[in-house]
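Since the model is a prediction, treat every value here as computed from it, not as a measurement.
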Amino acid sequence: MTDVERVGVVGCGLMGSGVAEVCARAGRDVVVVEASRTAAAAGLERITRSLGRATASGRLTAAERDAALGRIAVTADPARLADRDLVVEAVAEDERAKLEVFALLDRVVERRDAVLATNTSSIPVIRLAASVSRPEQVIGLHFFNPVPVLPLVEVVPSLLTGGETVRRTHAFASGVLGKEVVRAQDRAGFVVNALLVPYLLAAVRMAECGTASVEDIDRGMTLGCAHPLGPLALADLIGLDTVQAIARSLYAEYREPSYAPPPLLARMVDAGRLGRKTGRGFHTYDAHGGGAMREDGSGVATAAGPTRPVSGRRDGEQPT
């Protein structure tokens with residue numbers, strides 16, 4: 001059983017909108033806070049499109065879609081979070097931005113035992129917990145993209161997280177949202193990204209030095225290892241800026257060379273080529289990002305046709 005009936009989400013981008021959607025689909029009242037009215041409107045549209053895809057695929061009825069939308073309010077007013085039982089921070093993977101959100105939540109959320117969760121994929125939870133007056137209520141609740149499709153959640157207590165907070169968070173993720181829960185220690189990258197990101201970075205280095213083309217690197221892993229996406233297409237899906245941020249957190253924690261962001265990744269982020277969300281990363285995508293994972297989780301659309309590698313040489317080609 002769980003006492004979490006009213007959920008707050010800060011940030012309505014790719015992750016925040018997904019968290020809001022699954023909570024609403026599970027029957028919870030959801031308030032999502034964005035930085036501006038324009039961003040709030042865009043976030044609500046993102047949620048509406050996702051629910052529409054679920055309905056079109058037969059995973060939701062029209063009545064269920066409308067009921068879920070009716071449980072979601074997207075606003076630019078953080079005071080709307082005052083009565084929440086659980087708030088999930090889902091802003092960009094930037095420690096300073098997350099600290100600002102937790103300072104805000106500490107002031108605004110009235111219930112003293114409300115769970116203050118972070119969806120960080122790499123930043124140690126203790127840094128956020130230590131910044132508030134109720135560190136025992138802070139916990140990592142790391143969802144995976146796309147949130148409505150992927151079943152996994154990492155629950156990450158810090159050294160200061162209370163046992164009751166852990167119990168309530170686990171019960172909510174598993175019992176209410178129906179997610180599979182992995183418990184991880186509070187170390188940068190937790191379980192999944194500590195394994196995944198070095199693999200993605202190795203693929204970037206392989207493209208950077210010209211070992212193989214972008215297409216062949218991805219085809220090697222989809223056709224040779226039965227991965228649903230190649231590593232460079234997956235990096236595009238995650239967002240190259242997010243991959244770089246996670247890599248920096250991992251390298252700062254462990255000082256392992258395999259965690260250091262390659263120069264090519266940094267140059268692409270500087271150029272604004274962030275992957276699907278900008279239409280171009282290691283692959284080029286159409287206006288809708290080249291497709292999306294099916295609602296039933298059965299597959300993922302790959303990049304929109306073969307493209308010239310961003311770097312890495314074809315036979316006889318020099319890097320640019």
Side-chain angles (χ1 to χ4, degrees), residues 6-24 28-51 68-111 114-123 125 127-129 131-134 137-148 237-246 248-249 269-270 272-279 289:
R6 297 179 299 275
V7 177
V9 181
V10 181
C12 202
L14 209 56
M15 296 304 296
S17 62
V19 173
E21 178 183 334
V22 297
C23 291
R28 269 39 188 183
D29 177 80
V30 182
V31 170
V32 189
V33 173
E34 256 293 0
S36 66
R37 290 183 180 178
T38 300
L44 182 58
E45 175 61 24
R46 185 176 291 111
I47 295 169
T48 302
R49 287 198 308 268
S50 179
L51 288 168
L69 273 174
R71 298 185 192 105
I72 299 172
V74 186
T75 177
D77 180 10
R80 295 281 300 276
L81 297 172
D83 66 347
R84 301 292 97 179
D85 304 314
L86 178 148
V87 182
V88 180
E89 168 274 309
V91 300
E93 193 68 3
D94 177 86
E95 186 172 339
R96 181 176 297 179
K98 292 180 183 294
L99 287 169
E100 290 175 357
V101 170
F102 272 85
L104 173 69
L105 297 180
D106 204 21
R107 295 193 305 270
V108 169
V109 179
E110 294 176 352
R111 180 175 170 178
V115 175
L116 306 181
T118 174
N119 186 55
T120 182
S121 50
S122 62
I123 297 169
V125 177
R127 296 181 188 169
L128 305 176
S131 71
V132 300
S133 65
R134 36 182 153 174
Q137 301 306 125
V138 177
I139 193 166
L141 185 59
H142 180 219
F143 295 85
F144 291 82
N145 178 44
V147 179
L237 177 63
I238 294 168
L240 301 187
D241 53 337
T242 300
V243 173
Q244 178 180 247
I246 297 169
R248 285 174 170 170
S249 292
V269 172
D270 289 343
R273 296 182 179 179
L274 307 182
R276 290 196 182 201
K277 60 188 172 184
T278 60

### Query
Among Leu104, Val101, Val10, Val108, which one satisfies side chain to side chain contact (heavy atoms under 4.5 Å, CB included) with Val87?
Val10

### Query
Does the side chain of Leu14 reach to within under 4.5 Å of the side chain of Lys277, using non-hydrogen atoms?
no

#### Entry: For Ile123 against Asp94, the heavy-atom pair lying closest together
CD1-C, 4.0 Å

#### Entry: For Thr75, all residues meeting side chain to side chain donor-acceptor pair (under 3.5 Å), sequence neighbours excluded
none

### Query
Partners of Thr120 by side chain to side chain donor-acceptor pair (under 3.5 Å), sequence neighbours excluded?
Glu93

### Task
Evaluate the criterion side chain to side chain contact (heavy atoms under 4.5 Å, CB included) for residue pair Glu21 and Leu51; output intermediate values, then yes/no.
CA-CA 8 Å; Glu21 178 183 334; Leu51 288 168; 3.7 Å; yes

### Message
I need the single residue from His142, Arg127, Glu89 that forms a side chain to side chain donor-acceptor pair (under 3.5 Å) with Thr118. Which is it?
### Response
Glu89

## Note on the structure
Minimal heavy-atom distance between Ala114 and Val109, with the atoms involved, is CB-CG1, 3.6 Å

### Query
Counting only N and O atoms by type, is there a donor-acceptor contact under 3.5 Å from the side chain of Arg28 to the main-chain atoms of Cys23?
no

### Query
Closest heavy-atom contact between Ala24 and Ala68?
CB-O, 3.5 Å

### Summary
Nearest heavy-atom contact between Phe143 and Val147 is CD2-CG1, 3.7 Å

### Task
Check the pair Val125 / Ile139 against side chain to side chain contact (heavy atoms under 4.5 Å, CB included), numbers first and verdict last.
CA-CA 7 Å; Val125 177; Ile139 193 166; 5.6 Å; no

### Query
Taking the side chain from Asn145 and the backbone from Met15, do they hold a donor-acceptor pair closer than 3.5 Å?
no

## Note on the structure
Tightest non-hydrogen contact, residues Arg80 and Arg84, listed as O-NE, 4.1 Å

### Task
Identify the heavy atoms of Gly275 and Leu240 that sit nearest to each other, and give their distance.
N-CG, 4.4 Å

### Message
Using only atom types and a distance under 3.5 Å, with no angle test, would you say the side chain of Ser131 pairs donor to acceptor with the backbone of Leu128?
### Response
yes

### Task
Apply ring pair (Phe, Tyr, Trp, His ring centres under 6.0 Å) to Phe102 and list each qualifying residue two or more places apart in sequence or on a separate chain.
none

### Query
To the nearest 0.5 Å, how far apart are CG in Leu274 and CD in Gln244?
9.5 Å

Can you list, pair by pair, the side-chain donor-acceptor contacts under 3.5 Å of residues 30-46, counting residues two or more places apart and other chains?
from	atom 1	to	atom 2	distance (Å)
Glu34	OE2	Cys12	N	3.0
Ser36	OG	Ala39	N	3.1
Arg46	NH1	Cys12	O	2.5

## Note on the structure
In this structure, CG of Asp83 is separated from CG of Asp29 (nearest 0.5 Å) by 7.5 Å

### Task
Kindly write out the residues that satisfy side chain to side chain donor-acceptor pair (under 3.5 Å) with Asp85, not counting sequence neighbours, or none if the list is empty.
Arg6, Arg111

### Query
Do other residues, nucleotides or ligands put more than 12 heavy atoms under 6.0 Å from Arg71 CZ?
yes

### Query
Taking the side chain as C-beta and beyond, is there a heavy-atom pair between Pro148 and Ser50 under 4.5 Å?
yes

### Task
Under the side chain to side chain donor-acceptor pair (under 3.5 Å) rule, collect the residues that match up with Ser133, sequence neighbours excluded.
Asp106, Arg112

